[in-house]
2 protein chains.
Amino acid sequence: MAATETVANSPYLHLFRRYLRQHGLPVTLQREIVADVVFSSTEHLSVEEIEAELKKRGERIGKATIYRTMEILVRSGLVADHDFGDGFKRYEHLFGQQRGHQHLVCTNCRNVVEFRRPEIQRIQDEVARAHGFLPARHKLEVYGLCPDCRAAGVELKYEGLACPALTL
Amino acid sequence: MAATETVANSPYLHLFRRYLRQHGLPVTLQREIVADVVFSSTEHLSVEEIEAELKKRGERIGKATIYRTMEILVRSGLVADHDFGDGFKRYEHLFGQQRGHQHLVCTNCRNVVEFRRPEIQRIQDEVARAHGFLPARHKLEVYGLCPDCRAAGVELKYEGLACPALTL
DNA sequence: GCCCTAACGATAATGATTCTTGATTCCCGG
DNA sequence: CCGGGAATCAAGAATCATTATCGTTAGGGC
C-alpha cells in the first residue's frame, strides 16, 4: 500500500480505537478509515455513499467490511443508524449532536434536517411508565416537503379516500 | 372454486371497494380476501403472517398479490405500514384508531402497544414550520422492555462506550 | 520478529420485496 | 347475458440490501 498512513485523522478516532481495545477487537486500518469517513461527514450516509467516498479516497475496502465496521460503530454508541423508508439504512456519527435529536425528512428529495425537542424525552418516559415499560430510546421522524421542493412547485398529494375523517 | 363467496365480510370492506372503483381498479376476490384478513386483525401483521392466515383459511393467494394489495391499501389510507426494525414491514388497519397514534415496541419480544399523545401533532407542525417544511405526517416510536419481559428478568444492556455523556 | 487468532476481500447465500410471464378474470358496451 | 381488450392473477425468477463463507492476510501479545 502507498500513502495510507495519514488517511484517518478525524479528532474522534481515538474514541473508536479505545472502544475496540476495551472489547478486545483489533484496531485495523480498514476500520479506522471507514470510521473516519463517517466521522468526517455531517450527512446521513448510506453504505453506498460510504463506499463511494472510499473510492474517491483511493481506498479499496470491501463492502462486507463496511457493514461489519458500521455494526461495531453502532454498538459502540458513536454512530446511529436510521431507516427513513428508503429501503436501506443511513448512518450518522453522534459528535456535536445533542442527545436525543430527531429528524425532519423531505418526502420528495429525501433530504434530512435535524431538530431537537427536549420534551420528547419526557414523553417517552411518561408513556413507557404508563404502560409498565422500561424506556430505552425513541425515534421521532417528521415527514414533509422541504423549502427547496416547495419553491420548485412540488406538492404533497393525498390519493387516499376522499373523506378519511369519517373512517378513522 | 368452492366456498369463496362469504369469505370476505369485515364491516369496512365497502370502503376498500369504493376506493378501488373510484380509482378505476378492478374489485377482485383476492383483493377483498387480503383486505379482510388485515381488517379483521387488531395486530400489526407482517406479510408472512398474512400469508399464514390465508393458508389457514384455505385460500391460495400468491405472495406477490399480497404485496400489491398492501400497496393499494396503504395508498388508500385505510392501512398504515410500519418498520419497527425487524427487517420487514408490518401493517395495521386504521379503523377504530385515533388519528395519529404512536407505538411502544418491546426490544425483547417485539410486541407492539399503541398510545396517543395529541401534542405530537402540534410538535410536528411547529417543527416543520420552524424549518420551512410543509408537514405531511410523523412517526414516533418508543422502544423499551415490556412488563412481561421485565417480569421475566430480561434486562436492557448498553454495551457502548463507558462514558457516552463525555462524547455527545 | 513469531505465531495464533481474528479481520480482510471476493463471492455466494439469504430474506424481503419487485418484476416477468402466460393464463385467467374483470368490466363495459352491445 | 356475451365477447373482447385490458388488467390482474399465481408462480417463480430477478433484484436489492445485507449477511455468511472461505482462503488469505494482518494485528498484537509474547
Side-chain angles (χ1 to χ4, degrees), chain A residues 1-2 4-5 7-8 13 16-35 37 44-52 54-55 58-76 79 81-91 110, chain B residues 1 4-5 7-8 16-35 37 44-52 54-55 57-75 79 81-91 110:
Chain A
M1 289 87 196
T4 45
E5 69 265 352
V7 168
L13 257 188
F16 184 41
R17 293 198 193 97
R18 183 203 300 169
Y19 177 83
L20 290 172
R21 292 205 193 88
Q22 280 178 352
H23 290 256
L25 300 168
V27 179
T28 69
L29 192 54
Q30 289 91 337
R31 284 174 176 166
E32 293 192 341
I33 295 169
V34 171
V37 166
H44 298 75
L45 299 172
S46 64
V47 166
E48 193 179 14
E49 289 166 339
I50 293 169
E51 201 179 20
L54 289 171
K55 191 160 293 176
E59 301 296 341
R60 208 51 47 125
I61 293 180
K63 192 174 290 195
T65 299
I66 301 174
Y67 276 106
R68 282 184 294 234
T69 304
M70 297 318 296
E71 191 184 325
I72 297 173
L73 281 167
V74 170
R75 268 211 311 275
S76 79
V79 166
D81 60 352
H82 298 285
D83 181 350
F84 294 131
D86 296 305
F88 50 83
K89 281 185 180 155
R90 294 187 173 278
Y91 299 89
R110 311 307 298 180
Chain B
M1 286 54 190
T4 45
E5 67 263 357
V7 169
F16 184 40
R17 294 199 192 96
R18 182 204 299 170
Y19 177 82
L20 290 171
R21 291 206 194 86
Q22 281 179 352
H23 290 256
L25 300 168
V27 179
T28 70
L29 190 55
Q30 289 90 342
R31 284 174 178 167
E32 293 192 341
I33 295 170
V34 171
V37 167
H44 297 76
L45 299 172
S46 64
V47 166
E48 193 179 14
E49 288 166 341
I50 294 170
E51 200 179 21
L54 289 171
K55 191 159 297 177
R57 292 191 186 190
E59 301 295 341
R60 209 50 46 123
I61 295 181
K63 191 174 290 194
T65 300
I66 301 175
Y67 277 106
R68 281 184 297 238
T69 304
M70 297 319 296
E71 193 185 324
I72 297 173
L73 281 167
V74 170
R75 267 211 311 276
V79 166
D81 60 351
H82 298 284
D83 181 351
F84 294 133
D86 296 304
F88 49 83
K89 282 183 180 157
R90 294 185 174 279
Y91 300 88
R110 312 305 299 178

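Within every chain, numbering begins at 1; the chains are lettered A, B, ... in the order of the sequence lines, protein sequences first and strands thereafter. All values below come from the heavy atoms of this structure, side chains included, with hydrogens, waters and symmetry mates left out.
- At D:dT8, none of the side-chain N or O atoms of B:Gln30 fall inside 4.0 Å of OP1 or OP2 (strictly under the cut-off).
- Minimum atom distance to the side chain of B:Ile61 is reached by D:dA10, of the listed C:dG9, D:dA10, C:dA7.
- For the pair A:Arg110 and A:Phe84, the tightest heavy-atom approach, listed with the atom from each and the gap, is NH2-O, 2.6 Å.
- Comparing C:dC8, D:dA17, D:dC9 by their closest approach to the side chain of A:Arg31 singles out C:dC8.
- If you check every strand for non-hydrogen atoms under 4.0 Å, A:Phe88 touches sugar and phosphate atoms only.
- Closest to the B:Lys63 side chain, of the nucleotides C:dC27, C:dT17, C:dA7, is C:dT17.
- Here the OG1 atom belonging to A:Thr28 is positioned 7.5 Å from the CG atom belonging to A:Leu20, to the nearest 0.5 angstrom.
- Among D:dG28, C:dC27, D:dT19, the nucleotide with an atom closest to any side-chain atom of B:Pro26 is C:dC27.
- Minimum atom distance to the side chain of A:Tyr67 is reached by D:dT19, of the listed D:dC9, D:dT19, D:dT8.
- The minimum heavy-atom distance linking A:His44 with A:Glu49 is given by the pair O-OE1, 3.7 Å.
- Looking at the side chain of B:Ala64, the nearest of the listed nucleotides D:dA11, D:dT18, D:dG28 is D:dA11.
- In the set D:dG27, C:dT17, D:dA10, C:dT17 carries the atom at the smallest distance from any side-chain atom of B:Val47.
- Ion pair B:Arg75/B:Glu71 flagged as a salt bridge, since at least one NZ, NE, NH1 or NH2 atom sits closer than 4.0 Å to an Asp/Glu carboxylate oxygen.
- You'll find that the side chain of A:Arg68 is closest to C:dC8, out of C:dC19, D:dG28, C:dC8.
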